[in-house]
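Remarks on the structure that follows.
Small disclaimer: the values here were computed from a predicted structure and weren't measured.
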Amino acid sequence: EGGYTVHVQGEDPTLLVVAPLQDTLINGLKPIEGESAVIKEMKAAMAGDLQKRYIDLKATLHACSAMDPRFKSLPFLTENERQEVYDGLIVEVARLSMQPSELSHFGVWMKTANARADDEGMASKEDAVDEGEQFMEGESSQGQRPPPRNPRLSCPLAALLGERYSGGAARPKTNTQEDEAKEQMTRYKEADLLEVKEDPLVWWKEHQYQYPLMSKLAKRDLCVPGTSVSSERVFSTA
């Protein structure tokens with residue numbers, strides 16, 4: 001209880017610690033052998049009251065705790081419940097990554113610059129091809145013919161299906177935003193847990209380039225206050 005009070009009175013009590021704290025408090029209220037009936041009854045009443053809290057916010061609280069590298073293992077949930085939280089995060093990360101970002105104008109500028117560079121490169125290649133054709137024509141006018149091309153064998157089946165089933169290297173698989181989110185979530189879960197005393201916001205700042213899609217969700221959700229105490233104090237002192 002003392003740790004909970006200290007944390008709530010701190011400068012940054014955020015939403016991501018609510019579920020772990022609630023689970024810890026409920027476990028601390030389990031009856032102990034040798035306790036009197038009155039104490040057991042009091043503990044049961046307090047535990048029952050805690051279990052009724054945040055029922056409508058459970059999904060949000062669990063998702064925020066999963067995005068915290070200190071509590072991402074979610075030991076207070078079953079395996080199926082944990083997987084459900086992770087799957088929901090993957091969908092949300094993919095959805096969030098498809099929304100326009102604050103760097104959209106910069107991205108458009110980069111695409112324009114790259115297109116101009118590509119146009120210049122194609123123009124230089126076309127000039128080189130024209131010079132090569134002129135050289136070949138000059139060689140032919142001097143009596144030196146280019147080597148004959150190998151004639152292609154005529155095949156009705158190849159003419160019908162060749163374009164669709166032609167040989168060569170396999171086409172690279174195009175990953176969707178959801179595939180990228182799954183891959184990042186897998187690496188995130190496999191990474192070591194952060195110590196409880198460390199700051200998860202600092203961790204995400206240092207690892208935002210390793211998890212570019214997930215970091216967007218972390219920036220959005222991990223700063224949500226987990227208590228209304230601060231605002232109540234502001235209004236009470238006004």
Side-chain angles (χ1 to χ4, degrees), residues 7 10-21 23 54 57-122 169-227:
H7 182 82
E11 297 180 356
D12 57 348
T14 53
L15 201 64
L16 49 89
V17 299
V18 174
L21 282 174
D23 176 71
Y54 312 118
L57 296 175
K58 275 190 175 181
T60 300
L61 296 177
H62 295 165
C64 288
S65 296
M67 290 296 294
D68 189 329
R70 301 172 299 177
F71 312 126
K72 61 182 180 181
S73 60
L74 304 177
F76 46 87
L77 298 180
T78 65
E79 181 63 30
N80 291 336
E81 290 173 337
R82 282 194 292 269
Q83 190 59 47
E84 184 177 352
V85 173
Y86 297 143
D87 291 342
L89 285 174
I90 290 172
V91 174
E92 181 62 16
V93 168
R95 186 193 67 81
L96 187 63
S97 65
M98 291 185 291
Q99 294 181 352
S101 65
E102 59 184 5
L103 299 178
S104 58
H105 297 293
F106 178 76
V108 172
W109 179 85
M110 285 296 296
K111 290 181 180 179
T112 304
N114 291 334
R116 290 176 180 174
D118 293 340
D119 292 340
E120 293 176 359
M122 289 298 296
R171 296 180 181 178
K173 182 181 178 180
T174 302
N175 290 336
T176 63
Q177 295 293 338
E178 187 170 352
D179 293 334
E180 292 290 342
K182 288 180 180 179
E183 191 271 334
Q184 290 183 26
M185 177 62 72
T186 300
R187 290 190 288 107
Y188 171 71
K189 290 192 297 182
E190 293 175 351
D192 295 335
L193 289 172
L194 186 67
E195 294 186 14
V196 177
K197 64 181 181 180
E198 300 295 336
D199 190 341
L201 299 181
V202 174
W203 187 93
W204 274 109
K205 181 179 179 181
E206 295 174 349
H207 295 79
Q208 60 181 322
Y209 298 110
Q210 298 180 24
Y211 313 99
L213 300 185
M214 294 184 62
S215 64
K216 295 181 180 180
L217 184 61
K219 292 177 183 178
R220 189 194 71 178
D221 292 350
L222 298 192
C223 61
V224 179
T227 176

Among V93, L89, L96, find the one that has a side chain to side chain contact (heavy atoms under 4.5 Å, CB included) with M214.
V93
So, taking the atom named [atom1] in [X] and the one named [atom2] in [Y], what distance separates them when rounded to the nearest 0.5 Å?
X    : Y    : atom1 : atom2 : value
L57  : H62  : CG    : NE2   : 10.5 Å
L61  : K58  : CG    : NZ    : 9.5 Å
Q208 : Q210 : CD    : CD    : 10.5 Å
L222 : L217 : CG    : CG    : 7.5 Å

If we count only N and O atoms by modelled type, under 3.5 Å, do the side chains of T176 and D179 hold a donor and an acceptor together?
yes
Closest approach of [X] to [Y] (non-hydrogen atoms, all atoms of both residues):
X    : Y    : value
A19  : S65  : CB-OG, 3.7 Å
L213 : S97  : CD2-CB, 3.5 Å
D68  : P200 : OD1-CB, 3.5 Å
L194 : W203 : CD1-CD1, 3.7 Å

Check: Y54 and T60 side chains under 4.5 Å, non-hydrogen atoms:
no
Does K219 reach the side chain of K216, with side-chain heavy atoms less than 4.5 Å apart?
no
All pairs passing side-chain hydrogen bond (donor to acceptor under 3.5 Å, both in side chains) where residues 184-194 contributes a residue, at least two apart:
E183-R187
Please name all residues satisfying ring-ring contact (aromatic ring centres under 6.0 Å, His included) with Y86, sequence neighbours left out, ordered by chain then number.
none
Name every donor-acceptor pair, under 3.5 Å, that has one atom in a side chain of residues 75-82 and the other anywhere in the protein, sequence neighbours excluded.
{"unit_1": "T78", "atom_1": "OG1", "unit_2": "E81", "atom_2": "N", "d": "3.3"}
{"unit_1": "T78", "atom_1": "OG1", "unit_2": "E81", "atom_2": "OE1", "d": "3.4"}
{"unit_1": "E79", "atom_1": "OE1", "unit_2": "R82", "atom_2": "NH2", "d": "2.9"}
{"unit_1": "E81", "atom_1": "OE1", "unit_2": "T78", "atom_2": "N", "d": "3.0"}
{"unit_1": "R82", "atom_1": "NH1", "unit_2": "L74", "atom_2": "O", "d": "3.1"}
{"unit_1": "R82", "atom_1": "NH1", "unit_2": "L77", "atom_2": "O", "d": "2.6"}

Does any N or O in the side chain of W204 come within less than 3.5 Å of the main-chain N or O of M67, such that one atom is a donor and the other an acceptor?
yes
